[in-house]
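Have a look at the structure below, then the notes.
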Amino acid sequence: LDSATAAPPHPVARQAFLAAAEDGWADPGRLYTPSRRARHLLDAARETAAGVLGVRPDELHFTAGGTDAVRRAVAGVRRSRGRRAVVHTAVEHSSVIKAAGDDAVSVPVSRTGVVDLDALEKALNSREVALAAVQSANHEVGTLQPVAAAAEACAAAGVPLLVDAAQSIGRAPVPAGWSLLVGSARKWGGPAGVGLLAVRKGTRWESPWDEGAPDVPAVVAAAAALRAVAADAASESVRQAALVSEIRRTVAATVPDVEVVGEPDERLPHIVTFSCLYVDGEVLLQALDRAGYAVSSGSACTSDTLRPSHVLAAMGVLTHGNVRVSLHSGVSTEDVRGFLAVLPGLVADARAEAGL
Amino acid sequence: VIIVIDALGKRCPLPVIMLAKRAADEPPGTEIAVLADDPAAALDIPAWCRMKGHTFVATEGDRHTVRL
């Protein structure tokens, strides 16, 4: 139940990887026959992925993962435009916030995680801005962002817009209006270590550092998995959205003192997050793991830094006892009901352990 | 009179648990100040107030005051 971190490899990705490992091992930049074969596979993968995303193949770069794509996007715009400041929502992925660094303006969000468009517009016009970053949807709570409206504000201010679509690619159509788009293959069942960066023609961006030779078999696997999940996305989204609605309802009804967070309707189909009062997130996460359920948590005790999730903090919701559930095509209705059946008892145990 | 709970050095959710246990014995209108330096306390004590129908008064440094 943690596809928002990484979905299990799609069967098509495995097959494509093994085939491409035979035929596509060579450096696609050389002129001999094995290299031409690798080049051919890489070009085909690029066309496949570009077709799913609705971009031109020459707008699409494969990177060493989502974080690498974000860093290239930010550094490449800064270099080309000669400006440093990045305006981003307060709930962007940590890779965006880290890439933006000190020269950044964080735009607040609502209690449900939606960016404040007035504050965004003000920030865009307050100083010389290199780039704005608005995610397609939030990775911790599933809230959809108003990307089309943000894109209008960016266009009016003459600022390029980076859309981190890591959580929505392969599940929902790519929102319009972006200048730079990033994604991460492991979120849709491709290999870890493959990311996408699409740069719209006309965007002032230059590659900030040498791209190096791509991992052709991994890229081929990522593109094959993307095509496969996109083909099923319409029906899978309906199925998963119904399961998420069931989780939202059932958790609120069966677990006392719980807060289900994020937008109830304008949300991704596969992510749901809730926080349980008086519960140590790490204790609950480990109890769920022992029961066979892999979930993620934004609680401080589960992070390396012992600080609570910046997303939950920006929303102003309870940060302890936090659980994020995220679904994929391999999660059945029975799996979800099994999870919902054990959860109230495990929360009660964790509270009893704390003396409540 | 303000009741003071010393939760300095305690990790969340302990400061909120200490607050909830004490609050259960006190009448409405009571003010409780929780001393807590865990960074999550500044977020979770206001959230507790919202969820349980109490009033969050203020955070000053490591001192978080609520009114039942």
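So you know, we letter chains A, B, ... as the sequences are listed, proteins then strands, and number each from 1.
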- Note on the structure: Looking only at heavy atoms, the pair that brings Pro308(A) and Leu43(B) closest together is CG-CD1, 3.7 Å

- Taken to the nearest 0.5 Å, the spacing of Tyr278(A) OH from Met18(B) CE works out to 14.0 Å

- Query: Do Arg11(B) and His320(A) have side-chain heavy atoms sitting under 4.5 Å apart?
  - Reply: no

- Message: Could you check whether any side-chain N or O of Arg307(A) sits under 3.5 Å from a backbone N or O of Ala40(B), counting only pairs where one atom can act as donor and the other as acceptor?
- Response: no

- Are side-chain heavy atoms of Leu277(A) and Val16(B) found at a separation under 4.5 Å? yes

- Item | Close contacts, residues 241-262 of chain A versus chain B, judged by heavy atoms under 4.5 Å | Asp257(A), Val258(A), Glu259(A)

- Minimal non-hydrogen separation, Ile17(B) against Ala354(A), with atom names: CD1-CB, 3.5 Å

- Message: Strictly distance-based, threshold 3.5 Å: is any side-chain N or O of Asp44(B) a donor or acceptor partner for the main-chain N or O of Thr319(A)?
- Response: yes

